[in-house]
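Order of the sequence lines sets the chain letters (A, B, ...), proteins ahead of strands, with each chain counted from 1. The figures that follow rest on heavy atoms only: side chains count, while hydrogens, waters and symmetry mates do not.
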There are 2 protein chains.
Amino acid sequence: MLKITKRVEYALIAIRHLQENQDVLVSVSDISAAYGIPKEILAKTLQKLASSNIVKSYKGPTGGYKATKKIAETTLNDFFEILEGPTAIMDCYFQDGCDHLNSCNIRTPINKINDSIRNLFNNLTLADIAQ
Amino acid sequence: MLKITKRVEYALIAIRHLQENQDVLVSVSDISAAYGIPKEILAKTLQKLASSNIVKSYKGPTGGYKATKKIAETTLNDFFEILEGPTAIMDCYFQDGCDHLNSCNIRTPINKINDSIRNLFNNLTLADIAQ
DNA sequence: ACTATATACGACAAATATAATCGTATATAA
DNA sequence: TTATATACGATTATATTTGTCGTATATAGT
């Protein structure tokens with residue numbers, strides 16, 4: 001429990017690699033080969049980051065991805081949300097339609113835990129965790 | 001991702017219920033019926049809590065569970081660990097045997113995120129999140 | 001002593017979520 | 001025109017989580 005997904009792991013690896021190679025365009029194949037990450041899943045992950053302007057994409061041969069300045073100031077909360085949607089330790093935090101709502105006696109503790117985690121991730125940027 | 005398990009959810013429900021009924025012994029069936037939780041899984045969850053003295057168990061008919069004083073001072077980290085083992089956003093944090101260790105470029109960020117979460121959970125007790 | 005009912009606990013099966021793959025479309029440098 | 005890159009939806013495979021089954025042990029009540 002409380003695990004991050006492979007998508008997030010791959011995204012972290014990719015942006016770190018892009019930041020270390022800011023002078024060149026890096027293709028999905030490059031990163032895939034360097035770290036042993038399945039190509040297609042990495043491609044889709046980078047597409048999500050591109051549509052949020054965390055990275056910039058260039059099509060065609062000699063194309064690839066580039067880090068943007070937005071990376072450093074992006075919070076973990078935003079980063080996770082781009083890839084996986086809203087962060088919540090239980091689905092009922094954002095969804096509704098709980099069967100036991102009437103008898104639920106853990107709403108307060110669940111909300112407190114959630115708020116604490118979201119507060120933590122809102123105050124940590126990708127730059128903060130880099131070094 | 002970053003979800004808690006049903007076991008943790010059920011455990012939270014159970015200890016809250018026990019705290020609200022400290023004067024009587026409450027059986028698994030009582031809690032199961034009150035909140036619509038599968039009996040066997042709830043039973044095993046309470047057994048784990050009992051073996052860590054978070055609750056106390058009494059066998060035989062008229063038996064059941066009782067809250068202990070230890071509940072309030074228990075940290076979320078200990079609580080989660082009793083039920084699910086060590087808290088880590090990636091398995092490699094506690095396990096070893098990673099294939100890509102040589103090319104891993106996210107060790108620092110992963111450790112920072114992990115340490116932040118563990119620090120958060122070590123400083124939050126079950127009493128803290130109750131109200 | 002017997003019976004009913006509670007906890008204790010390991011093994012297995014079902015359901016769900018995650019990870020990976022496949023197929024096709026589009027853009028563009030050479 | 002061709003080769004190679006990103007873009008993206010649909011499907012399959014895998015892993016994890018959740019729930020069930022079966023059996024043992026303890027004990028209050030009769």
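Distances shorter than 4.0 Å separate none of the side-chain N or O atoms of A:Tyr10 from OP1 or OP2 on C:dA19. Applying the 4.0 Å criterion to OP1 and OP2 of D:dA7, one finds that A:Tyr65 has a side-chain N or O inside that range.
Rounded to whole Å, atom C1' of D:dA5 lies 14 Å from atom CD of A:Glu40. Look at CE on B:Met90: it is 16 Å from P on C:dT18, rounded to the nearest Å. Protein atom CG of B:Asp30 is 14 Å distant from nucleotide atom P of C:dT5, rounded to whole Å. The nearest whole Å value for the distance from the CG atom in A:Asp91 to the P atom in D:dT17 is 14 Å. Rounded to whole Å, the distance from NZ on B:Lys39 to P on D:dT20 is 12 Å. In this structure, A:Leu42 places its CG atom 14 Å from P of C:dA19, rounding to the nearest Å. Across the protein-nucleic acid pair, B:Phe80 atom CZ and D:dT17 atom P stand 14 Å apart, rounded to whole Å.
For A:Gln131, the CD atom counts as loosely surrounded, since its 6.0 Å shell holds 12 or fewer non-hydrogen atoms of other residues, nucleotides or ligands. In A:Lys66, the NZ atom is not crowded: 12 or fewer heavy atoms of neighbouring residues, nucleotides or ligands sit closer than 6.0 Å.
Looking at A:Lys39, its side chain never comes within 3.5 Å of a backbone N or O of A:Ala33 through a donor-acceptor pair. Side chain of A:Arg118 to main chain of A:Thr87: a donor-acceptor pair is present (N/O by atom type, distance under 3.5 Å, no hydrogens or angles). Without hydrogens or angle criteria, B:Ser52 side chain to B:Ile54 main chain gives no donor-acceptor distance under 3.5 Å. Between the side chain of A:Asn105 and the backbone N or O of B:Ile13 there is at least one donor-acceptor pair closer than 3.5 Å.
Along DNA chain D, the nucleotide nearest to A:Met1 and the one nearest to A:Ser29 differ in position, and the one closer to the 5' end is contacted by A:Ser29. Comparing A:Arg7 and A:Thr62, the nucleotide of DNA chain C nearest to each residue sits closer to the 5' end for A:Arg7. Nearer to the 5' terminus of DNA chain D, by closest-nucleotide assignment, is the contact made by B:Glu84 (compared with the other of B:Gly60 and B:Glu84).
With sequence neighbours excluded, no residue satisfies salt bridge (Lys or Arg N to Asp or Glu O under 4.0 Å) with A:Glu40.
Looking at the side chain of A:Pro38, the nearest of the listed nucleotides C:dT7, D:dT20, C:dA20 is C:dA20. With C:dT21, D:dT18, C:dT28 as the candidates, the nucleotide lying closest to the side chain of A:Ile41 is C:dT21. Nearest nucleotide to the A:Lys6 side chain, out of D:dT6, C:dA27, C:dA20: C:dA20.
Helix-axis bend for the helix from C:dA1-D:dT30 to C:dA30-D:dT1: the local axis fitted to the five terminal pairs at one end deviates from that at the other end by 10°, rounded to 10°.
Between A:Phe80 and A:Phe121, the ring centre distance stays below 6.0 Å.
Taking a 4.0 Å limit (strictly below) on heavy-atom distances, residues 44-59 of chain A reaches DNA chain D at A:Lys44, A:Gln47, A:Ser57, A:Tyr58, A:Lys59.
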Report the C-alpha distance between B:Glu84 and B:Phe79 in whole Å, list the side-chain angles of each, state the deciding distance to 0.1 Å, and finish with yes or no for side chain to side chain contact (heavy atoms under 4.5 Å, CB included). CA-CA 9 Å; B:Glu84 304 291 340; B:Phe79 183 62; over 6 Å; no
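No donor-acceptor contact under 3.5 angstrom links the side chains of B:Thr108 and B:Asn111, judged on distance only.
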